[in-house]
Amino acid sequence: MNDLSTRYLGLTLKNPLVVSASPLSKRLDRVRKLEEAGASAIVLYSLFEEQIINESRALDHYLSHGTESYAEALSYYPDLPHYNLEPDVYLEHLQRVKAAVAIPVIGSLNGVSRGHWTEYAAKIAQAGADALELNLYYVPTDPDLDAFEIEQMYLDLVREVRAHVHIPLALKLSPFFSALPAMARQLVAAGADGLVLFNRFYQPDIDLEQLTVVPTAHLSRAEDLLLPLRWIAILSGRVATDYALTGGVHSAHDVLKAMMAGAKVTMLASELLAHGIGRLAAIEHDLREWMEQHEYESIAQMQGSMNQHAVAEPAAFERAHYLRALNTFDNRLL
Amino acid sequence: MRQMRPRLPHAVIRSKVYPPALLAAAPAGFRSSPSRFKEFPDLIYTLQVAPEDCTGCGLCVEACPAKNKRAAGRKAINMVEQAPLREVERSSWEFFLTLPETPRAGLHLGSIKNSQLLLPLFEFSGACAGCGETPYIKLVTQLFGDRTIIANATGCSSIYGGNLPTTPYTVDAAGRGPAWSNSLFEDNAEFGLGMRLAVDKQNEQARELLLRHATTLGADLVDAILNAPQHDDAAIDAQRLRVAELKARIAATAPHNGTRVELGYLASLADALVRKSVWIIGGDGWAYDIGFGGLDHVLASGRNVNVLVLDTEVYSNTGGQSSKATPLGAVAKFAARGKATPKKDLGMLAMAYGNVYVARIAMGADDQQTLRAMLEAEAYDGPSLIIAYSHCIAHGIDMRKGLEQQKLAVQSGAWSLYRYNPQLALEGKAPFSIDSKPPSIPLEQYIYNEARYRMLAQSDAERAAQLLHQAQDAVAQRRQALEALAAQLNKGAL
């Protein structure tokens with residue numbers, strides 16, 4: 001029997017198939033099915049900085065605006081003794097998920113600025129999370145804010161969250177850094193135990209009929225794998241930390257490539273949303289089959305075996321690879 | 001602007017068409033453009049804001065469909081600081097008021113665009129900024145003008161409708177406006193029926209007196225008055241002229257032998273010879289709950305009254321108590337754990353009579369359907385009931401988004417639009433029309449924009465989920481029931 005186990009963020013996982021932050025983890029019955037289908041860990045859906053900061057304010061606003069405006073209507077709602085705002089609901093859900101499954105559960109916190117909301121990192125840890133994934137995403141629109149300042153903002157945030165929690169901390173990053181290896185090294189030095197590459201974002205689209213901007217979210221496609229694959233291959237031999245590859249993982253082959261590039265785990269959601277939770281078992285089955293056919297004993301054996309340091313042509317992961325791709329196309333055209 | 005919508009609550013945005021020559025007297029800064037009304041090809045169009053009466057609700061900006069082609073964030077109307085514009089717009093507004101009103105006669109009222117050229121006789125009310133009720137009342141006064149007689153139940157609409165010594169009901173250039181009075185929660189329908197009976201009795205007595213004094217007053221005039229059709233504004237205007245002539249002849253008649261008293265009496269009743277439009281208006285607390293017995297009685301009477309229920313699904317004026325119109329799962333006072341029973345279906349109860357015109361409307365979702373329902377209800381010679389979705393401060397929403405919420409309510413199937421017109425059945429036509437499409441979005445996409453639902457989700461998530469589930473099921477069942485009813489009622493129609 002091949003050994004599919006892997007170590008990620010100090011956790012021993014039975015295989016490298018982790019469910020990424022997505023609506024899949026919002027319902028307890030689905031979480032149980034994910035475990036039954038073979039998931040080795042689950043990253044819970046994300047709790048957003050905006051939810052923590054704005055939600056209580058918004059609810060309070062809408063429950064109290066208009067009060068004391070008419071003699072006959074001093075208020076418009078009954079007084080309830082207790083409200084569970086989304087952050088509280090999240091923590092309660094995390095506790096329920098932990099109680100429902102035996103596999104590790106990773107909390108997910110999404111934000112960018114320092115502030116009291118980062119206390120929720122500690123609350124997520126107290127609620128029983130085995131690790132925390134911090135999702136860093138900032139869209140820089142201010143021309144006066146340079147890259148150094150933004151990177152410092154990220155680092156400050158990581159240090160602040162690190163100070164709040166003692167459970168393992170992973171950072172989910174965007175691919176938009178000028179010097180990703182340097183940034184990765186600094187983030188690890190600031191306290192990250194792992195890097196999750198890469199975040200995929202809701203992208204604004206334009207509705208031509210309404211002339212409005214609408215957020216869109218597309219499921220990942222197989223070709224999305226290549227970007228994180230390249231960067232994990234480049235980074236895994238240079239910055240020592242645990243890497244998770246997310247985005248574009250749809251088959252056992254994708255998982256194998258991620259492991260060889262140097263990832264400790266792969267994260268899946270789109271494939272499961274599109275084709276059902278049962279795909280996990282099928283991918284695990286294909287993984288074993290491939291390993292047997294190719295005589296691999298364990299996942300650990302292949303991890304990093306094709307990172308930039310290990311391959312015969314390290315330059316293939318750099319600019320030359322791009323040129324060769326162009327040449328290939330040129331040859332075809334000829 | 002492509003066209004002005006009727007959805008704005010405070011009548012601070014007006015439009016007129018007028019001859020270009022009148023622009024000669026316009027103050028600096030007054031804006032106009034060629035009319036795009038096919039009925040008025042040679043006239044000039046102006047859309048004018050009353051800058052000092054604007055409440056700043058922002059609803060107009062949300063409702064405005066016309067966006068700037070160079071910067072889509074700007075619309076044909078935008079919220080900006082008032083101070084820099086105040087002086088110019090104040091003089092523009094004052095000039096605008098001097099421009100002639102669009103003549104009602106001959107104007108096709110079935111078009112939204114045209115309806116907004118009509119003078120509203122309900123303006124600048126003290127309702128909440130962005131109120132969802134007042135656009136319906138404003139539209140009634142635009143469509144039926146000074147012929148409107150309103151019996152108003154106690155509630156928000158009686159407070160902003162008669163915040164004495166001021167009133168938002170106003171008069172036209174001739175000094176004519178709607179008649180309005182307020183009665184109690186428990187008897188407003190009967191109060192309005194009394195108005196109907198009084199007008200009918202006055203009309204009956206005037207007709208008797210006309211016949212008795214036909215020789216003195218002129219047989220041709222009397223005959224024309226008694227047989228006037230009065231089916232539209234042109235015909236009604238003609239009747240007004242006849243009544244004015246009648247009064248003049250009475251004044252000119254030499255009094256003798258006891259006719260003086262009777263003719264004097266006829267002069268006092270003569271205005272009742274012009275067709276009146278009786279509207280009984282109130283909220284859901286009145287119509288569904290406290291005044292329901294009376295409402296039912298009035299609908300059963302068969303008399304020609306128009307009932308407009310401004311349904312906020314909660315007692316708004318007294319501070320958000322649950323009514324029988326409150327939907328399943330919404331939190332209100334006396335329903336702090338979310339209302340456990342469904343909303344009463346007032347429309348279906350009224351339809352059961354078979355001879356009551358019934359419409360369910362939501363201006364934010366379909367203003368054309370709203371307009372059609374009001375015109376049909378008024379034209380129907382019998383009782384009419386219009387149930388109007390009215391977003392409210394007690395829903396816990398950003399009031400600028402009130403119209404959007406109305407649209408979502410309809411798209412989710414929480415609020416179906418329909419019209420039942422018994423007159424069509426008498427003519428052998430299909431009387432029942434479902435005016436909204438089958439539900440196209442999940443209920444939660446509508447309800448969780450509102451604090452009245454969110455607060456349950458955040459205080460008792462399990463119960464909220466359970467009630468949402470029930471409510472979602474009920475949406476599908478209601479749609480099926482509506483379609484089955486339509487098939488049954490429209491069977492055999494021409």
Side-chain angles (χ1 to χ4, degrees), chain A residues 23 26-30 45 47 50-52 54-97 100 141 204-215 217, chain B residues 65-75 126-131 154-156 158-160 163 312 314-322 330-339 392-399 401 448-462 464-465:
Chain A
K26 283 197 169 180
R27 278 175 38 187
L28 216 51
D29 57 336
R30 285 208 191 120
Y45 66 92
L47 179 61
E50 292 87 345
Q51 285 176 309
I52 295 166
N54 297 336
E55 198 181 31
S56 58
R57 200 182 296 159
L59 186 67
D60 180 63
H61 169 75
Y62 288 119
L63 292 182
S64 62
H65 81 319
T67 58
E68 314 286 339
S69 59
Y70 285 108
E72 289 188 70
L74 297 180
S75 68
Y76 288 97
Y77 300 97
D79 285 329
L80 298 185
H82 175 66
Y83 288 108
N84 286 320
L85 297 176
E86 184 58 34
D88 304 320
V89 172
Y90 186 87
L91 296 175
E92 281 176 18
H93 184 64
L94 172 59
Q95 284 172 332
R96 284 202 199 100
V97 170
T141 55
D205 196 358
I206 291 174
D207 181 328
L208 288 175
E209 290 307 313
Q210 301 296 323
L211 294 185
T212 51
V213 180
V214 287
Chain B
K67 296 186 177 179
N68 187 315
K69 288 195 164 47
R70 292 197 179 276
R74 277 186 72 74
K75 292 187 169 183
C128 300
C131 173
T154 291
C156 281
S158 73
I159 304 302
Y160 61 66
N163 207 356
T312 61
V314 72
Y315 284 80
S316 303
N317 186 55
T318 48
Q321 291 80 13
S322 168
V331 171
K333 288 173 185 167
F334 306 132
R337 291 193 68 228
K339 187 154 170 281
C392 179
I393 194 167
H395 292 179
I397 56 168
D398 177 348
M399 292 293 272
K401 303 283 184 189
Y448 285 143
N449 293 336
E450 304 194 348
R452 61 177 169 153
Y453 292 99
R454 283 198 74 88
M455 63 191 292
L456 182 65
Q458 290 175 328
S459 60
D460 188 344
E462 222 162 283

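In the text below, chain A, chain B and the rest are named by the order of the sequence lines, each starting its count at 1.
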Regarding Ser75(A) and Lys333(B), do their side chains bring together a donor and an acceptor under 3.5 Å, going by distance alone?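 There is such a pair (donor and acceptor under 3.5 Å, judged by atom type) between the side chains of Ser75(A) and Lys333(B).
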If you tally heavy-atom pairs under 4.5 Å against chain A, which of Gly73(B), Cys392(B), Ala332(B) wins?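 Answer, by heavy-atom pair count under 4.5 Å with chain A: Ala332(B).
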Looking at Ala394(B), Ala72(B), Gly320(B), which one has more heavy-atom pairs under 4.5 Å with chain A than the rest?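 The option with the most such pairs is Ala394(B).
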Between Leu91(A) and Gln95(A), is any pair of side-chain heavy atoms under 4.5 Å apart?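 No, too far: nothing below the 4.5 Å cut-off.
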Tyr453(B): partners by side-chain hydrogen bond (donor to acceptor under 3.5 Å, both in side chains), with sequence neighbours left out: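 Listed in chain order: nothing, the list is empty.
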For Asp29(A), what residues pass the side-chain hydrogen bond (donor to acceptor under 3.5 Å, both in side chains) criterion, not counting sequence neighbours?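 Checked Asp29(A) against side-chain hydrogen bond (donor to acceptor under 3.5 Å, both in side chains); matches are Arg27(A).
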Chain A contact via [X] - side chain, backbone, both or neither, heavy atoms under 4.5 Å:
| X | result |
| --- | --- |
| Arg452(B) | both |
| Ile159(B) | side chain |
| Ala336(B) | both |

Is the side chain of Lys339(B) donor-acceptor paired with the backbone N or O of Ser322(B) at a distance under 3.5 Å, no angle test?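 Looks like no, no N/O pair under 3.5 Å.
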